[in-house]
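The structure appears right after this line, and notes come after that.
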Amino acid sequence: MKTLNAAVIGTGFMGKAHSVAMAVVPIIFEPSVGIDRTVIVDIDEAAVKKAQVQYGFREYATDWREVVNRPDIDVVVICTPNDSHAEIAIAAAKSGKHVMCEKPMALTSQDGEKMLAAAKQAGIVHQLAFNFRHSPALQMAHRLVKQGRIGKILAFRGYYLQDWSADPSTPLSWRFNKAKAGSGALGDIGSHIIDSARLLVGEFEAVTSVMKTFIPERPLPEGRFFGHKGAASDQKGTVDVDDTAITMVRFANGVHGTIEVTRNAYGHHNQMGFEINGTRGTIAFDYQRLNELRVAFADDPADAFGFRTIYSGPNQPYGDKLWPVAGMGQGYIDVKSIEWYNFLQAIAENRPASPNFEDGVQIERIIDAIQASAKSAAWERVA
Ligand code: SOE
């Protein structure tokens with residue numbers, strides 16, 4: 001069996017998550033190609049030396065440019081802040097490497113289009129790390145929708161609520177800086193629920209939105225800081241991105257929906273979810289209970305009518321490879337390893353991965369339309 005050599009760029013939360021998934025994916029899923037944790041890259045030498053040992057890489061490096069041009073590297077995994085995604089992905093594609101890129105794809109849809117063009121020209125396999133869509137229960141929801149179990153879709157009610165930035169003393173990381181992040185809650189977490197909405201309901205036609213920054217200034221971090229919480233200095237800096245975006249959506253197939261995102265909702269730690277109402281039932285998913293799907297069907301018996309919970313397990317896509325009994329529970333790394341299995345199979349079978357840079361560009365266009373609508377206070381069509 002062929003083994004691909006991977007370079008992971010970035011040692012933060014996502015560098016770690018991808019490294020763990022790459023370590024477990026061969027054991028859980030037996031993909032048709034292997035993956036070797038060859039080199040990990042970060043400009044901070046102390047951090048990358050530590051990560052090399054902790055995450056199990058053969059080598060470390062501090063210059064991504066050298067690494068993406070190495071002939072022995074097959075796959076580049078981009079886990080850096082958003083402003084460097086385009087440059088790294090384009091260089092990696094030009095050098096013929098397959099690319100797994102963290103979300104949101106880029107700072108603008110124009111940058112996303114350049115990444116897509118480079119990937120297409122090079123004929124590489126490209127995937128965007130919208131990991132939540134791979135949650136087994138969410139995949140079950142997708143299957144039920146496709147089977148017509150809830151009839152014709154009437155409405156989609158989506159949300160992604162977090163609370164790590166609700167505290168004004170949370171330091172000003174790159175996630176609060178437009179030049180580095182592109183947008184705030186909208187791109188960071190809104191992109192995930194937009195991805196799920198496109199998967200479950202279909203393409204967006206037009207949006208109308210309000211956006212707001214609740215906390216316009218934050219303390220600057222003490223030292224290098226990439227995380228969600230951390231030490232703050234006594235100097236302050238300006239937040240120039242949104243803390244919330246509330247959007248009404250008109251899908252191309254006529255369905256109406258709403259999407260609310262914020263990182264300032266105390267009590268909601270990582271609550272990505274949705275409810276879909278159809279002519280024959282309702283499906284509800286909430287990532288904080290990621291093994292569960294709440295369903296209510298019009299043909300349920302009258303004496304047991306209302307929501308009930310079904311559990312993901314061997315019955316869901318890829319479930320036979322995971323744990324033997326429904327309700328045993330899947331978690332964050334199971335989902336991340338499903339993402340890796342999909343990517344490796346796409347490479348092995350020489351076919352497009354999903355979701356890929358085409359999806360990423362369309363999500364960036366939706367983000368552009370949401371931002372335009374928040375300015376114009378009108379409905380904006382999605383390009
Ligand atoms: C921060 O809001 C964040 O780390 C996102 O960037 C991730 O995409 C999400 O998985 C968890 O929260």
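As the structure lists them, so they are numbered: ligands from 1, and atoms in each ligand from 1. Given the structure is predicted, the values throughout are model-derived calculations rather than measurements.
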Sidechain N-carboxylate O distance under 4.0 Å for K103, D195: no
I189 neighbourhood, listing ligand 1 atoms whose heavy-atom distance to it stays under 4.0 Å: 2 (O)
Atom indices of ligand 1, in the order listed, that fall short of 4.0 Å to a heavy atom of Y160: 9 (C), 10 (O), 11 (C)
Contact check, H192 vs ligand 1, heavy-atom distance below 4.0 Å: yes
Residues D36, R58: salt bridge by 4.0 Å N-O rule: yes
Residue, atom name and distance, where the atom is the protein heavy atom closest to atom 11 (C) of ligand 1: Q162 NE2, 3.4 Å
Heavy atom of R175, distance to ligand 1 below 4.0 Å: yes
Geometric class of the F156/F274 ring pair [parallel <30°, tilted 30-60°, perpendicular >60°]: parallel
Ligand 1 to W164 polar contact by distance, N or O atoms, under 3.5 Å: yes
Heavy-atom gap F130 to ligand 1 smaller than 4.0 Å: no
Protein contact to atom 5 (C) of ligand 1 [nearest heavy atom, distance to 0.1 Å]: D188 OD1, 3.1 Å
Ion pair check, K336 and E102, cut-off under 4.0 Å: yes
Any donor-acceptor pair under 3.5 Å from N277 side chain to T282 backbone: no
F13 neighbourhood, listing ligand 1 atoms whose heavy-atom distance to it stays under 4.0 Å: 4 (O)
Cation-aromatic face contact R365/F204, 6.0 Å, 45 degrees: no
Residue K103 vicinity, atoms of ligand 1 by number, heavy atom under 4.0 Å: 5 (C), 6 (O), 7 (C), 8 (O)
For atom 4 (O) of ligand 1, the protein heavy atom that lies nearest, with its residue and separation: H228 NE2, 2.8 Å
Residue of the set T62, T38, V39, V8 for which side chain to side chain contact (heavy atoms under 4.5 Å, CB included) holds with V67: V39
Parallel, tilted or perpendicular, as decided by the 30° and 60° cut-offs, for the rings of Y341 and F29: parallel
